[in-house]
Amino acid sequence: MKKGDKVRTKYTSAMVSKGVAGVVQDIKIDDMFPNMVLIDFGSCVCWVFARDIEFLKDEVSE
């Protein structure tokens, strides 16, 4: 995972609904806590656990 990757949430949280797509802005990796990813969803920017997101494949627009 790297900055600029397109991702989607797997679960509903207090800030975003399940299936909302966003762009990775920052990654926080720590030995003491689960990895966190800062995601820009357009309407908000928030930290999400890396285990709670999935990658989106680049869709080819016709």
Side-chain angles (χ1 to χ4, degrees):
M1 183 181 320
K2 62 187 183 309
K3 292 179 185 180
D5 284 349
K6 294 179 183 177
V7 295
R8 177 176 52 211
T9 56
K10 290 183 184 178
Y11 310 104
T12 298
S13 71
M15 297 297 290
V16 292
S17 300
K18 177 181 178 179
V20 175
V23 179
V24 175
Q25 299 297 315
D26 195 12
I27 301 167
K28 184 180 284 189
I29 298 173
D30 192 334
D31 293 335
M32 300 290 290
F33 301 99
N35 296 342
M36 301 286 291
V37 181
L38 183 66
I39 303 176
D40 182 353
F41 292 105
S43 61
C44 69
V45 178
C46 58
W47 288 98
V48 178
F49 289 118
R51 65 179 179 233
D52 294 342
I53 59 172
E54 58 190 4
F55 289 99
L56 288 177
K57 296 180 181 178
D58 290 333
E59 297 179 10
V60 178
S61 55
E62 297 180 29

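Here the structure is a predicted model, which is why all the values come from computation and not from measurement.
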From [atom1] ([X]) to [atom2] ([Y]), nearest 0.5 Å:
{"X": "C46", "Y": "M15", "atom1": "SG", "atom2": "CE", "answer": "5.0 Å"}
{"X": "W47", "Y": "N35", "atom1": "CH2", "atom2": "CG", "answer": "10.5 Å"}
{"X": "K3", "Y": "D26", "atom1": "NZ", "atom2": "CG", "answer": "5.0 Å"}

*asked:* What I'd like to find out is whether the side chain of I53 reaches to under 4.5 Å of the side chain of M1, using heavy atoms alone.
replied: yes

_Can you confirm whether V45 sits close enough to L38 that some side-chain heavy atom of one is under 4.5 Å from a side-chain heavy atom of the other?_
yes

Hey, quick one: are [X] and [Y] part of the same hydrophobic cluster, counting side-chain heavy atoms closer than 4.5 Å, chains of contacts allowed?
{"X": "L56", "Y": "V37", "answer": "no"}
{"X": "F41", "Y": "V7", "answer": "yes"}
{"X": "Y11", "Y": "V48", "answer": "no"}

*Do any N or O atoms from the side chain of S17 and from the backbone of T12 form a donor-acceptor pair under 3.5 angstrom?*
no

*For M36, does the CE atom sit with more than 12 other heavy atoms under 6.0 Å from it, leaving out its own atoms?*
yes

_Is it the case that over 12 heavy atoms from other parts of the model lie below 6.0 angstrom from the NZ atom of K18?_
no

_K6, R8, K10 screened by salt bridge (Lys or Arg N to Asp or Glu O under 4.0 Å) with E54, the one that passes_ = R8

